[in-house]
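Report on one structure; see the data block that follows.
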Amino acid sequence: MKKSDISAFFAILQAANPHPRTELEYSSHFELLTAVLLSAQATDVGVNKATRKLFPVANTPRAILDLGQEGLEGYIQTIGLYRSKARHLLQTCRILLEQYGGEVPATREALEALPGVGRKTANVVLNVAFGQPTMAVDTHIFRVGNRTGLAPGATPLAVEQGLLKRIPKEYLQHAHHWLILLGRYVCQARKPRCWECSVAAYCDFKPKTEQT
DNA sequence: ATCCCGAGGG
DNA sequence: CCCTCTGGAT
């Protein structure tokens, strides 16, 4: 994709959705961290369904710890990978209490040191909670970056670095959510809905058979 | 490279 | 049935 096309690409996404927001439901930094940790290889619809029951009962590190492994599993059993997520979240809560006074740390280094928090999750928290222009490359952004030609790459890190380099600064803050939403609702994994895509004119991917 | 691992869609 | 979903740890 040409450089001038990248500006046009994001101008269109911005015009359609000036203030994009995560679809995960949360009301504090800790709830956000918890929701993002639970969202690995899971839909945010499924995560919200679980956290709507969990957060009213426990939305602090102390309260989550008090649930224990079994208690916490009971709330998140409908989410994939729930045993590891329960274990990681409990360990993370312990660290938050012991090292950060129960608060969510605001640096990449501290976030990635938490069990269950890798580069992608840290990037989401840094972007959404702390307003940093990070690019969390999840399954959607990895696919969209490659398919569109926006930032082709063999690994999520390569795509992340390509996007950070190529996206104009004024769009970086919200680019994460625009690309997520594009991938989720239009540039879908199995059947991309190119016929109703607002940025198809600037995209390298051209489907062979047109559909309705 | 492999494991974890339920829900929803096609 | 198979694929996908805002991955991370071993």
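On a predicted model such as this, the values are computed, not experimentally measured, just so you know. Just so we're on the same page: letters track the sequence lines, and every chain starts at 1.
The separation between Leu24(A) atom CG and dG7(C) atom P is 10 Å, rounded to whole Å. Rounded to a whole Å, the CG atom of Leu89(A) is 16 Å from the C1' atom of dA9(C). As rounded to whole Å, 15 Å separates atom C1' of dG6(B) from atom CG of Asp44(A). The interatomic distance linking Lys120(A) (NZ) with dG7(C) (C1') rounds to 7 Å, in whole Å. Met135(A) places its CE atom 11 Å from the C1' atom of dT6(C), with the value rounded to the nearest Å. One can place NZ of Lys191(A) at 18 Å from P of dC2(C), the figure rounded to the nearest angstrom. The distance between atom NZ of Lys85(A) and atom C1' of dC3(B), rounded to the nearest whole Å, is 14 Å. Summarising the geometry, the separation between CG on Leu38(A) and P on dC5(C) is reported as 18 Å, rounded to the nearest angstrom.
Within the 4.0 Å cut-off from OP1 or OP2 of dC2(C), not a single side-chain nitrogen or oxygen of Arg190(A) is found. Side-chain nitrogen and oxygen atoms of His176(A) include none within less than 4.0 Å of the OP1 or OP2 phosphate oxygen of dT6(C). Using a 4.0 Å cut-off, no side-chain N or O of Thr43(A) falls inside it from OP1 or OP2 of dA7(B). At the phosphate of dG8(C), neither OP1 nor OP2 sits under 4.0 Å from any side-chain N or O atom of Arg119(A). For the OP1/OP2 pair of dG8(C) and a distance below 4.0 Å, the side-chain nitrogens and oxygens of Thr121(A) include at least one atom meeting the criterion.
Salt bridge present: Glu160(A) and Arg119(A) bring a charged side-chain N and a carboxylate O closer than 4.0 Å. Asp44(A) has a carboxylate O that lies under 4.0 Å from a charged side-chain N of Arg184(A), or vice versa, which qualifies the two as a salt bridge.
For the pair Ala42(A) and Arg87(A), nearest-nucleotide mapping onto DNA chain C gives the more 5' position to Ala42(A). Residues Lys49(A) and Leu81(A) both approach DNA chain B. Their nearest nucleotides, taken by heavy-atom distance, put Leu81(A) toward the 5′ side. A residue-by-residue look at Val117(A) and Val124(A) shows that Val124(A) has its nearest nucleotide of DNA chain C further toward the 5' end.
Taking only side-chain atoms of Thr78(A), from C-beta outward, the nucleotide of dG7(C), dT6(C), dG6(B) with the closest atom is dG6(B). Taking every side-chain heavy atom of His88(A) into account, dA9(C) is the closest of dT6(C), dG7(C), dA9(C).
No hydrogens or angles were tested; on distance alone, nothing pairs the side chain of Arg83(A) with the base of dC4(B) as donor and acceptor under 3.5 Å. Taking 3.5 Å as the limit, the base of dT6(C) and the side chain of Thr22(A) contain a donor-acceptor pair of atoms between them.
A donor and an acceptor atom, one from each side chain of Asn59(A) and Glu31(A), are located under 3.5 Å apart.
No option in Val128(A), Asn123(A), Leu24(A) other than Leu24(A) meets the side chain to side chain contact (heavy atoms under 4.5 Å, CB included) test with Val36(A).
Aromatic ring centres of His29(A) and Phe130(A): separated by under 6.0 Å.
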